[in-house]
Structure formats: C-alpha cells, structure tokens
Amino acid sequence: MKSFKRSTKILFGVLVFLSVVFGLLLFLAPSLFQWYCGYIGRGIDSYKVLVLVFYLCSPSAAATLIYLFKFLFQIKSNEIFSKDTTKILSILSWCCLSIVPLSLPLCTQFLASLPIPAAGFFMWLFLTVIKNAFEYGAELKDENDLTV
C-alpha cells in the first residue's frame, strides 16, 4: 500500500509538470516552431502546418490532462471500479482517437511525425480495452455489494 501511495504522488507530480509545460507551450509554440523550422531549413508552409496541428490537438491534450487528474483522484478515493471511472476512461480513449485525423496533415510535412497518429490510435485501442475491463469490474462489484 505504501508503494501505491508513493506512485500516485509521483504520477500527480508528473501530471502537474506536464500541465505546466503544456500551458507554456500554448504561448511559446509559435516562436518555438518558427525557430525549429528555420533551424531545419523548412519553409513557411511547414511552420503553418505545425502550428495548425498543434492548436487543433490542444483541446484534446487539455481534456486528457484534466481527465487524467480526475482518474488519479478516483484512484486516490478508492473508487476504482465505478461508473465514473469507466466514463473517465471512455473520455480519455476518445481524446486519443481525436488526435489521429487532426495530426495526419503533419505527416505530409514531417515524415518523422507518423508515430503520432499511430500512437493515438493504439492508445485509443488500449484505453477502450481497459475501459471495458473496468466496466466489467464495476458490474461485478455492484453484484457483490448487493449480495449479503
């Protein structure tokens, strides 16, 4: 139980760190992307696609961070197998799937970005399976709570 609490605190710290980095990127991304495109010798078209895809995917990233915090709080309050948890996992899976079509234009400019939509698709698949397992666990828990 001690390592469970410690790992939950570590995950919470990582989420806070990622939230701060994401917040900074929302403001600094255009200048960072402009510098990056100039550094690798890409033109304005690559810069525009990079900025467009980043800001199109930002709502999904923000929702993912928010719902990961909610998921951690569910775990911390020992409400692991519940309808709320399965709802959170469902939302997380759809956030991952939403970046697949949004990030495809990036692949036309940067071939190395091809793992982004692939990772989004596989995370959607993984989280959907996990959600189904949690949903089944919640049903079993409800049945056990009803039996005396």
Side-chain angles (χ1 to χ4, degrees), residues 1-139 141:
M1 189 60 131
K2 196 175 190 180
S3 65
F4 172 75
K5 288 182 180 182
R6 183 177 45 216
S7 67
T8 304
K9 286 180 183 178
I10 291 170
L11 286 172
F12 186 78
V14 168
L15 278 177
V16 168
F17 174 75
L18 288 175
S19 297
V20 169
V21 169
F22 177 67
L24 288 172
L25 276 176
L26 286 173
F27 296 103
L28 300 176
S31 57
L32 285 173
F33 294 160
Q34 188 174 22
W35 171 82
Y36 176 71
C37 287
Y39 181 76
I40 63 170
R42 290 295 184 104
I44 192 75
D45 290 339
S46 296
Y47 166 75
K48 286 179 181 178
V49 169
L50 197 56
V51 170
L52 176 71
V53 169
F54 175 76
Y55 284 113
L56 283 176
C57 292
S58 290
S60 294
T64 299
L65 287 169
I66 290 166
Y67 281 96
L68 281 173
F69 275 114
K70 287 184 177 190
F71 188 67
L72 271 181
F73 285 124
Q74 285 287 115
I75 291 172
K76 207 170 183 180
S77 67
N78 291 327
E79 291 292 324
I80 298 170
F81 294 106
S82 67
K83 290 185 185 212
D84 290 338
T85 305
T86 57
K87 181 181 174 186
I88 290 169
L89 286 170
S90 178
I91 291 169
L92 286 171
S93 70
W94 287 109
C95 286
C96 289
L97 186 63
S98 71
I99 65 145
V100 173
L102 295 175
S103 61
L104 284 176
L106 192 60
C107 300
T108 63
Q109 296 292 322
F110 301 96
L111 190 58
S113 67
L114 197 55
I116 295 171
F121 179 77
F122 283 111
M123 281 307 298
W124 168 78
L125 188 64
F126 177 74
L127 285 170
T128 302
V129 169
I130 296 297
K131 183 217 41 121
N132 290 341
F134 270 69
E135 203 167 43
Y136 182 69
E139 287 176 16
K141 181 182 167 273

(Q) For a side-chain contact (heavy atoms from CB on, under 4.5 Å) check, start with the C-alpha distance between Leu106 and Phe54, then their side-chain angles and the critical distance, and finish with the verdict. (A) CA-CA 9 Å; Leu106 192 60; Phe54 175 76; over 6 Å; no
Q) To the nearest 0.5 Å, how far apart are OG1 in Thr128 and CG in Leu97? A) 8.0 Å
Q | Residues which pass ring-ring contact (aromatic ring centres under 6.0 Å, His included) with Tyr67, listed by chain and number, not counting sequence neighbours | A | none
Q: Could you tell me whether the side chain of Phe126 reaches within less than 4.5 Å of the side chain of Met123, counting heavy atoms only?
A: yes
Q) Quick one: does Phe110's side chain get under 4.5 Å of Cys37's, heavy atoms only? A) yes
Q. Just how far is it from atom CG of Leu102 to atom SG of Cys57, taken to the nearest 0.5 Å?
A. 5.0 Å
Q.
Between Trp124 and Leu92, is there a side-chain heavy-atom distance shorter than 4.5 Å?
A. no
Q) Is the Phe69 to Phe12 ring centre distance short of 6.0 Å? A) yes
(Q) Under the rule for ring-ring contact (aromatic ring centres under 6.0 Å, His included), what residues qualify as partners of Phe27, not counting sequence neighbours? (A) none
**Q.** Side chain proximity check, Ile75 to Phe71, heavy atoms < 4.5 angstrom
**A.** yes
Q. Can a donor-acceptor pair be found between the side chains of Thr85 and Ser82 at a distance below 3.5 Å?
A. yes
Q) Can you tell me how far the OG1 atom of Thr108 sits from the CG atom of Leu114, to the nearest 0.5 Å? A) 11.0 Å
Q.
Can a donor-acceptor pair be found, under 3.5 Å and without considering hydrogens, that links the side chain of Gln74 to the backbone of Glu79?
A. yes
**Q.** Nearest atoms (heavy-atom pairs only) where Ser113 meets Pro117
**A.** O-CD, 3.3 Å
(Q) Is any side-chain heavy atom of Trp94 closer than 4.5 Å to one of Leu127? (A) no
(Q) Would you compute the distance between atom OG1 of Thr64 and atom CD1 of Ile99 and round it to the nearest 0.5 angstrom? (A) 8.0 Å
Q: Decide yes or no for Pro105 and Leu52: does some side-chain heavy atom of the first lie under 4.5 Å from some side-chain heavy atom of the second?
A: no
(Q) If only side-chain N and O atoms count, and only distance matters, is there a donor-acceptor pair under 3.5 Å linking Glu135 with Thr86? (A) no
Q | Spatial distance of atom NZ (Lys48) from atom CD (Gln34) [nearest 0.5 Å] | A | 11.5 Å
Q: Could you grab the distance from atom CD1 of Ile130 to atom OG of Ser90, nearest 0.5 Å is fine?
A: 13.5 Å
Q | Phe33 six-ring face occupied by Arg42 cation (under 6.0 Å, within 45°) | A | no
Q: Indicate yes or no: at least one non-hydrogen side-chain atom of Leu25 is less than 4.5 angstrom from one of Leu32.
A: yes
Q. Is any side-chain heavy atom of Ser58 less than 4.5 Å from a side-chain heavy atom of Leu26?
A. yes
Q: Identify, with sequence neighbours excluded, every residue that meets ring-ring contact (aromatic ring centres under 6.0 Å, His included) alongside Tyr55.
A: none
Q | Heavy atoms of other groups near Ile44 CD1, more than 12 under 6.0 Å | A | yes
Q: For residues Pro30 and Val51, report the shortest heavy-atom separation together with the two atoms involved.
A: CA-CG2, 4.3 Å
Q | Residue that, paired with Ser98, satisfies side chain to side chain donor-acceptor pair (under 3.5 Å) out of Ser93, Ser60, Ser103 | A | Ser60
